[in-house]
Amino acid sequence: MRVANTKCSVAIAGAGLAGLSCAKYLVDAGYTPIVLERRDVLGGLVAAWKDADGDWYETGLHAFFGAYPNMLQLLKELGIEDRLQWKEHTLIFNQPDKPGTLSRFDVPDIPSPFNIIASILRNNDMLTWEQKIRFAIGLFPAIVRGQKYVEEMDKYSFAEWLERQGIGERVASDVFIAASKALTFINPDEVSSTILLTALNRFLQERYGSKIAFLDGSPTERLCQPIVDYITERGGQVRLNASLKEILLNPDGTVKGFLLRGANGEADEEITADFYVSAMSVDPLKVMLPEPWKQMEFFQKLEGLEGVPVINLHLWFDRKLTEIDHLLFSRSPLLSVYADMSNTCREYANPDRSMLELVLAPAKDWISKSDEEIVGATMAELEKLFPDHFTGDNQAKLLKFQVVKTPRSVYTATPGRQQYRPPQKTPIPNFFLSGSYTMQRYLGSMEGAVLSGKLTAQAISEALPVANSSNLQTLTRPPATNAATA
Ligand SMILES: Cc1cc2nc3c(=O)[nH]c(=O)nc-3n(C[C@H](O)[C@H](O)[C@H](O)COP(=O)(O)OP(=O)(O)OC[C@H]3O[C@@H](n4cnc5c(N)ncnc54)[C@H](O)[C@@H]3O)c2cc1C
């Protein structure tokens, strides 16, 4: 018997985009989900907070792409697609050897892949004709053989792949360091070829695939909250400050319940449901695995995955530094992408002052440094990005800053990782996985998280119910009993 008609209950740990998307598609399929989030804020890696002045700061500078079909569909289903502020169809790079100047790949409004080819052919700042031709030849197998070829290339780093295709070192240093850092927070000599080839393939196959949008405000309020409203209006629940402490097992190894850590000295709480989902990122899940599951090959493979460090900076200035309303690739050794959010995002708009949001990557050597050191090094880089404002007598003044460090963010996409990414369905019949690290075609991204949630909901609706209970039950147990179980 299919469970979709019986209002089966599903407990989901994690209210990042994967957990929320999973719950959204479960309520659509007639299930009753409860989402349990450890922190007091929604969104996981898209979470944002307000400072004492009421200004937002975020876990990450987030760009949406035209090649995000599942995210775009979700926004449409929620009736909030107008919250995406689409930018001009172009990719903009700083030129480190000419401080303050930019190089653009303007994508004309003609069918793909001709639009991307035209944008590459028209840019002579960053690629010579010889490099363009070599690169086009190198990309040929990916275009002809498609995703299968792209997956096979996971054994090579992108730098190795470029070398094997006879494409010069300069292409890697000029274009792909920026792309690699933006997509994965690591450099081309560390990143799997599959990542960049997947992105390139999407951009080449979809007319608006490389078009970029920004959300019109904080992801927590403008993206996550509407998903929560959708879920709760249809009978589901989303609880903050609800930290999964332990996955409790039945004697047969299936899940008996989720044990939540009691907050402020309160008793731990056991949540039971028909199905259970981990929508936590891979690092906390590995720590949480019950002992008997650790012997299983499926879960042992998770050891091959680990979150990558990244830092997100916010710098508020006393004046406008730029009018550019777009994402920029800094091509700085310290930084990855950045944007003046006072131009790109309606809720952060300010006609007189800039707020730069910048991603610092690779961050492994910086993650343990103080905020002041990180901001100091970033300000030195700004002299190259905005020489008019940071050299001479009348320099722009930094009014305040926020630094958000994420020691383990999306999975580290080094060569060979694809084989470790698990499917959403596990060998445990009532336990499923969700998260952008799980196997889906969109890598560690918001699109990947939303798609993974949808795939998990689909996998649950295909599974047989393991229990008859039709509603979530909440049991409270004294802390002493829990300690014994732990
Ligand atoms: C700096 C930065 C920039 C980025 N830029 C982009 C971009 O431009 N475009 C893009 O598409 N993607 C971008 N990403 C990636 C994107 O944010 C992630 O891929 C996506 O949000 C991951 O969602 P998730 O739900 O899979 O995981 P997460 O967001 O990590 O969610 C996991 C959730 O589980 C919760 N949790 C953990 N342990 C427990 C527990 N014990 N009990 C209960 N809950 C628990 C966590 O608190 C968290 O809320 C960026 C990420 C960062 C950090």
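If you read the sequence from its start, that first residue is 1, and numbering goes on from there. Owing to the predicted nature of the structure, the values given are computational and were not obtained by experimental measurement.
With hydrogens and angles ignored, the 3.5 Å screen pairs a side-chain donor or acceptor of Q419 with a backbone N or O of G416. A donor-acceptor distance shorter than 3.5 angstrom exists from the side chain of T194 to the backbone of V150, with no hydrogens or angles considered. H314 places a side-chain N or O within donor-acceptor distance of the main-chain N or O of Q402, the cut-off being under 3.5 Å. Proximity of a side-chain donor or acceptor of S330 to a complementary backbone N or O of L335 within less than 3.5 Å is detected.
For R346 and Y348, the positive end is not near the middle of the six-membered ring at less than 6.0 Å and at most 45° from its axis.
More than 12 non-hydrogen atoms from other residues, nucleotides or ligands lie less than 6.0 angstrom from NZ of K211.
If you look at Y208 and W86, their ring centroids are not closer than 6.0 Å. The aromatic ring centres of F329 and F93 sit less than 6.0 Å apart.
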Can D216 and R83 be said to form a salt bridge (Lys or Arg N to Asp or Glu O under 4.0 Å), step by step? CA-CA 5 Å; D216 65 356; R83 294 187 183 181; 5.0 Å; no
- Query: When you look at I247 and L289, which way does the side chain to side chain contact (heavy atoms under 4.5 Å, CB included) test go after all the steps?
  - Reply: CA-CA 7 Å; I247 301 170; L289 284 177; 5.6 Å; no
In sequence, state the C-alpha distance, the side-chain angles, and the governing distance for K245 and D268, and then conclude on salt bridge (Lys or Arg N to Asp or Glu O under 4.0 Å).
CA-CA 9 Å; K245 177 180 173 188; D268 289 352; 2.6 Å; yes
Stepwise side-chain hydrogen bond (donor to acceptor under 3.5 Å, both in side chains) check, E462 with Q458
CA-CA 6 Å; E462 282 165 12; Q458 213 169 61; 5.6 Å; no
Applying side chain to side chain contact (heavy atoms under 4.5 Å, CB included), run through F64 and L223 and close with a yes or a no. CA-CA 12 Å; F64 296 70; L223 173 59; 4.2 Å; yes
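Ring-plane geometry between Y442 and Y68 is classed as perpendicular, the angle between the planes exceeding 60 degrees on a 0 to 90 degree scale with a lower cut at 30. Using the six-membered ring where Trp is involved, F158 and W161 have ring planes that are parallel, under 30° apart on the 30 and 60° scheme.
For R164, the side-chain hydrogen bond (donor to acceptor under 3.5 Å, both in side chains) test picks out Y156, with sequence neighbours left out. Legend: residues meeting side-chain hydrogen bond (donor to acceptor under 3.5 Å, both in side chains) with T232, ordered by chain and number and at least two apart, are absent. Taking R38 as the reference, nothing meets the side-chain hydrogen bond (donor to acceptor under 3.5 Å, both in side chains) condition, with sequence neighbours excluded. Looking at residues two or more places apart in sequence or on another chain, you find a salt bridge (charged side-chain N to carboxylate O under 4.0 Å, His left out) between R145 and E152. Among residues two or more places apart in sequence or in another chain, the salt bridge (charged side-chain N to carboxylate O under 4.0 Å, His left out) test is passed with D28 by K24. Checked against salt bridge (charged side-chain N to carboxylate O under 4.0 Å, His left out), K294 has the following partners two or more places apart in sequence or in another chain: E291.
With 3.5 Å as the limit, one finds a donor-acceptor pair spanning the side chains of D252 and T254. For the residue pair Q424 and T438, a side-chain donor N or O sits within less than 3.5 Å of a side-chain acceptor on the partner. No side-chain N or O of H326 forms a donor-acceptor pair with one of T90 less than 3.5 Å apart. S157 and D189 share no donor-acceptor pair across their side chains, judged by distance under 3.5 Å alone. Side-chain contact annotation: Q225 with Y230, donor-acceptor N/O pair under 3.5 Å absent. In the model, Q73 has a side-chain atom that pairs as donor or acceptor with a side-chain atom of K454 under 3.5 Å. Side chains of Y411 and R417: no donor on one and acceptor on the other come within 3.5 Å. N187 and S180 form no side-chain donor-acceptor contact under 3.5 Å, judged by distance and modelled atom types alone.
Nearest heavy atom pair, residue P309 against residue F185, reads O-CB, 4.3 Å.
Within the model, atoms CZ of F432 and OG of S452 stand 13.5 Å from one another, a figure rounded to the nearest 0.5 Å. Within the model, atoms NZ of K286 and CD of Q300 stand 12.5 Å from one another, a figure rounded to the nearest 0.5 Å. Between the CZ atom of F203 and the CD1 atom of I116 there is a distance of 7.5 Å, given to the nearest 0.5 Å. With rounding to the nearest 0.5 angstrom, the CG atom of L358 is 8.0 Å from the CG atom of N312. With rounding to the nearest 0.5 Å, the separation of CG in L84 from CD in E81 is 8.5 Å. Distance check, rounded to the nearest 0.5 Å: CD of E58 to CG of L45 gives 12.5 Å.
The pair K256-E270 meets the salt-bridge criterion, since a charged nitrogen lies less than 4.0 angstrom from a carboxylate oxygen. Look at R239 and E269 and you find a salt bridge, because one of the NZ, NE, NH1 or NH2 atoms lies within 4.0 Å of a carboxylate O, short of that distance.
Side chains of V10 and I34 form no contact here, defined as non-hydrogen atoms less than 4.5 Å apart. Between P292 and L249, some side-chain heavy-atom pair lies under the 4.5 Å cut-off. Contact check for L248 versus F258: no side-chain heavy atoms found under the 4.5 Å cut-off. Looking at D371 and K405, their side chains come closer than 4.5 Å, going by heavy atoms from C-beta outward.
The side chain to side chain contact (heavy atoms under 4.5 Å, CB included) test with P33 singles out one residue from V277, V27, I460, and that residue is V27. Screening V191, L197, T198 against I195 for a side chain to side chain contact (heavy atoms under 4.5 Å, CB included) leaves a single residue, V191.
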